[in-house]
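Each remark here refers to the structure printed beneath this line.
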Amino acid sequence: MTAEQHKPLYEMSTLELKGVGLSLSEKLAKLGIHTAQDLLFHLPLHYQDRTRLVPIGHLQNGQKALIQGTIQQCEMNFSGKKLLTCSISDATGLLQCRFFHFTASQKNQMAVGKLMRCFGEARFGKIHLQMVHPDYQIFDEDQIPLLPQTLNAVYPTTEGISQKRWQQLIAQILDVISHQSLEELLPQKLLKHFSFPNLEHSLKMLHLPDCEHSLYALESGQNRAQQRLIFEELMAHQVSMRRVRQNVKSHQALCCYRQSANHLSLTKQLITSLPFQLTAAQTRVVKEIRQDLMQNQPMLRLIQGDVGSGKTLVAALSALMMIEAGAQVALMAPTEILAEQHGMSFKSWFKGLNIEVAWLSGQHKGKQRTEIEESIASGQARMIVGTHALFQKSVSFLELGLVIIDEQHKFGVHQRLALKEKGNVANQVPHQLIMTATPIPRTLAMTAYADLDTSIIDELPPGRTPVQTVLVSDHRRDEVIERIRKGCQQGRQAYWVCTLIEESEALQCQAAEVACEMLSESLQGLSVGLIHGRMKADQKENIMSDFKKGDIDVLVATTVIEVGVDVPNASLMVIENPERLGLAQLHQLRGRVGRGIAESHCVLLYHMPLSLKGKQRLSVLRETSDGFKIAEKDLEIRGPGEVLGTRQTGLANFKIADIIRDQQLIPLVQEWADLLLQEQPEAAEKLVKRWLWNAEQYAQV
Ligand code: ADP
Ligand code: MG
């Protein structure tokens, strides 16, 4: 490897390593390992202590340990299952090794009188202490091998790469880095502050930990070397997000000036025209947004607020500030239904203010579309509401000053940035306001949305009664249908939600069609409607408006109604197969009811058999209606990738950090990341390259 010695590790393909051919390099690539550097940062998942022998008599049930003894007996048993048992003993006790798969030569090696050394998990069997399929070595008394000096690393792997293989590969890289020093990217003062070991030492230590390191600390991520790398990785992530932010912030944006006290601003006019008062949380968040909009840098703000907390009104008030300052405002929603509903809310709010609202969706075609596009381009329409149709080339704004995105987790970062480009006129970029109903714990938000400032609407408008949630097995479907009949006869309305079957939208729609037929049959005299994702937008619109008017009693729906739909008279919701969905998603669905004064109910109609864990999980919804608590549970159970959408955030791709386990580090990481960006921008850039080159590519889109 001498010629290669000075080549940086990140330029060295795995193919250049000894013993790596095309097939192995492809397997490595599947794990995201393309270069020698990737391999160096492929860190062990677990550790085993094989550095000392445990006397057989001292073993505890379940203990993983290395033992050594003399072979007393070795037998094959063919009655029933094929089984090889080999009993060994030391001065303190006897243990039986059991093998269900073995070869004749394996059996022959296990000769009585030889020594056998085993690593495995000790179990108290019926008669004997046992180890099933231990790793083992056999040798003669005069050839006892030395014990290893380091703890044994167990690597995350894929089919066809053995632990031995990993150890060989890593040993090669460690050999390279002992000739070629690794660049330390963390500032010295940081290392000193936390007493972190340097990079090279940390990596060597984690691949080959000395036996004096505590196994417990290593297994729980508490070892200093691990902490250092966790910190570094979280910092890399933070830095990459902050760079996206800096990039946006380096542009100019239109600012709205402070109005004089007696000026009757548009926001004041709207507020006085409402039949209710803003909640304290809404008022606070509107103020935070106003502060941002008075800057001549683009705002980057996330509003988190539980379903029904009144985010749309906050969006409308923000829009008015910019419209008053002479800009256009675009609001983008993830579904047609939601876009339409927002369009209607804005039209009714802005009518009295003489502000033209345009609504653009995929369904607008031909002349109608041209007209809408013209009103946007000419600046006649001041408020534009739409779906991702707003991204299309044919749409151009005259003076886009603010982009509002509802339910951001449905969009990726790059879609968000694309709309930003639309307003990129004369080095000005629009402000961005993002609204999400997926409340995520603060530390996770700091990581997932590190490019955004956050406001939280932590209060619901008064007069809401919490939704009563029950878990019912689908054996009792008939009772549930009966309940719907009673409710509807009293003038209420109901949703019947069909969930996704194995990610297939087509099947979900089919299930909804079947459910609709079934319900129409059992609920004679009531009107049952159907809405699903495969219907045309105008069809959906008609159904939704019939439901709003009360012409439909029971609306069978797929999860398309998940976000935003507002029908206060609907007070009963049945969710079929809720076990298929995440808690946060169920919570959002449930938020469609409980919007009026009537007491609302949500029935989680689960499919038997449901595991105890599955039942406990769903019970969280019965116990609380606090979106933050639910999100936290969801996160614990399903992990951040699932909750936030892996593709959007890349959060599931951490190599060593664990966003839940390590969350207490995040505020510190944020501080140091900002410092690094200010003081050592070059190191910051390298750090991002080292840890998340593909995520960064993504963020550059
Ligand atoms: P979400 O935060 O889920 O998007 P919405 O903006 O759809 O919530 O608001 C839900 C409902 O609450 C709407 O009908 C809205 O008009 C109403 N609303 C918003 N703010 C208030 C308030 N301060 N008092 C009473 N009702 C409100
Ligand atoms: Mg909403």
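Remember, it's 1-based here, ligands and their atoms both numbered in the order they're listed.
In this structure, Pro578 and Arg617 approach most closely via the heavy-atom pair O-NH2, 4.3 Å.
Of the N or O atoms in Gly310, one or more lie within a sub-3.5 Å distance of an N or O in ligand 1. Checked against a 3.5 angstrom limit, the closest N/O atoms of Lys311 and ligand 1 fall inside it. Geometrically, ligand 1 and Pro462 share no nitrogen or oxygen pair separated by less than 3.5 Å. Remark: ligand 1 and Gln282 share an N or O pair separated by less than 3.5 Å (distance only, no angle test).
You'll find the side chain of Leu360 reaches within 4.5 Å of the side chain of Val395, heavy atoms only.
The pair Arg245-Asp453 counts as a salt bridge, with a side-chain nitrogen and a carboxylate oxygen less than 4.0 angstrom apart. Contact check on Asp458 versus Arg284 returns a salt bridge, with a Lys/Arg side-chain nitrogen under 4.0 Å from an Asp/Glu carboxylate oxygen. The pair Arg477-Glu576 meets the salt-bridge criterion, since a charged nitrogen lies less than 4.0 angstrom from a carboxylate oxygen. For Glu324 and Lys268, the salt-bridge test fails: no basic side-chain N is under 4.0 Å from an acidic carboxylate O.
The six-membered or imidazole ring of Trp359 lies away from that of His342, with a centre-to-centre distance of 6.0 Å or more.
Within the structure, the closest approach of Gly305 to ligand 1 does not fall below 4.0 Å when heavy atoms are considered.
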*asked:* Before you tell me yes or no, could you show the steps for Glu373 and Ser394 under side chain to side chain donor-acceptor pair (under 3.5 Å), namely the whole-Å CA-CA distance, both residues' side-chain angles and the distance that decides it to 0.1 Å?
replied: CA-CA 8 Å; Glu373 285 177 358; Ser394 58; 2.8 Å; yes

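For ligand 1, the atoms lying closer than 4.0 Å to a non-hydrogen atom of Gln277 are 22 (C), 23 (N), 24 (N). Residue Asp306 approaches ligand 1 through these ligand atoms, each under 4.0 Å from one of its heavy atoms: 2 (O). Applying the 4.0 Å criterion to heavy atoms of Val307 picks out, from ligand 1, the atoms 3 (O). Every atom of ligand 1 is numbered from 1 in the order shown, and the set under 4.0 Å from a heavy atom of Thr312 is 4 (O), 5 (P), 6 (O), 7 (O). Of all atoms in ligand 1, listed by their number and element, those nearer than 4.0 Å to a heavy atom of Leu278 are 23 (N). Ligand-side atoms of ligand 1 in range of Thr279: 23 (N), range being under 4.0 angstrom from any heavy atom.
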